[in-house]
Amino acid sequence: MKILMVCLGNICRSPMAEGVMRHLVEKKELDWEIDSAGTGGWHLGEAPDKRAIRTAANHGIDISGLKARKFSERDFGRFDHIFVMDSTNYSDVISLSENDEERNKVKLFLEAADPNSPEKNVTDPWFEDRLFEPVFLGIREACEKLIEKLRS
Ligand code: 4NP
């Protein structure tokens, strides 16, 4: 199984989701490939935001080696599932798709993890330091649910 996590900058939400997901699938000894990308290109090649690195590290996950990259049309062919962090990411990714097979791979991350989730969008913590911890915890909970869904 190949999974891509997508947000806007690929320096806050999707690298945390990538790190958590990889950590959990390794713990469960699943041979899954996890990656992340951003719909915007402002931070290409940069490491995740320091606050994202610190928050993940506080929970035992090292994301300091990740590098931001931009989502590309080729990712539709490379991944089985493309999980987007919010509805803007959703429309940006969908606008690059060419057919239903590609579109069917794209899902809102929180909704895919739990269709009854009251929250549909992962809040962008970029503008507010205090949001990193709750956003991380939400991402972790969603990753745990998503793994169970994808395994069944
Ligand atoms: P992310 O957060 O999409 O979770 O990586 C952002 C990071 C950077 C910017 C916006 C959102 N930015 O405008 O540079």
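As the structure lists them, so they are numbered: ligands from 1, and atoms in each ligand from 1. Quick note: numbers below take in every heavy atom, side chains included, and nothing from hydrogens, waters or symmetry partners.
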Checklist outcome for this item: For residues 16-56, the ring pair (Phe, Tyr, Trp, His ring centres under 6.0 Å) pairs (sequence neighbours left out) are His43-Trp126

Item to check | Passing candidate, side chain to side chain donor-acceptor pair (under 3.5 Å) with Ser36, options Lys67, Arg22, Glu18 | outcome: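 The side chain to side chain donor-acceptor pair (under 3.5 Å) with Ser36 is passed solely by Glu18 among Lys67, Arg22, Glu18.
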
Checklist entry - Would you say the side-chain atoms of Ser117 pair up with the backbone N or O of Glu119, donor to acceptor, closer than 3.5 Å? => result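 At least one qualifying donor-acceptor pair exists.
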
Item to check | Donor-acceptor contact below 3.5 Å, side chain Asp49 vs main chain Cys12 | outcome: no

Next on the checklist: Heavy-atom contacts with ligand 1 below 4.0 Å: which residues, ordered by chain and residue number?
Outcome noted: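 Ligand 1 pocket, heavy atoms under 4.0 Å: Cys7, Leu8, Gly9, Asn10, Ile11, Cys12, Arg13, His43, Asp124, Trp126.
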
Checklist entry - Other than Ile82, which residues form its hydrophobic cluster under the rule that side-chain heavy atoms must be closer than 4.5 Å? => result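 Besides Ile82, the hydrophobic cluster comprises Leu4, Val6, Phe71, Phe76, Phe79, Val84, Tyr90, Val93, Ile94, Leu96, Val106, Leu108, listed by chain and residue number.
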
Item to check | Leu44: hydrophobic cluster co-members (side-chain, 4.5 Å) | outcome: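 None; Leu44 is a cluster of one.
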
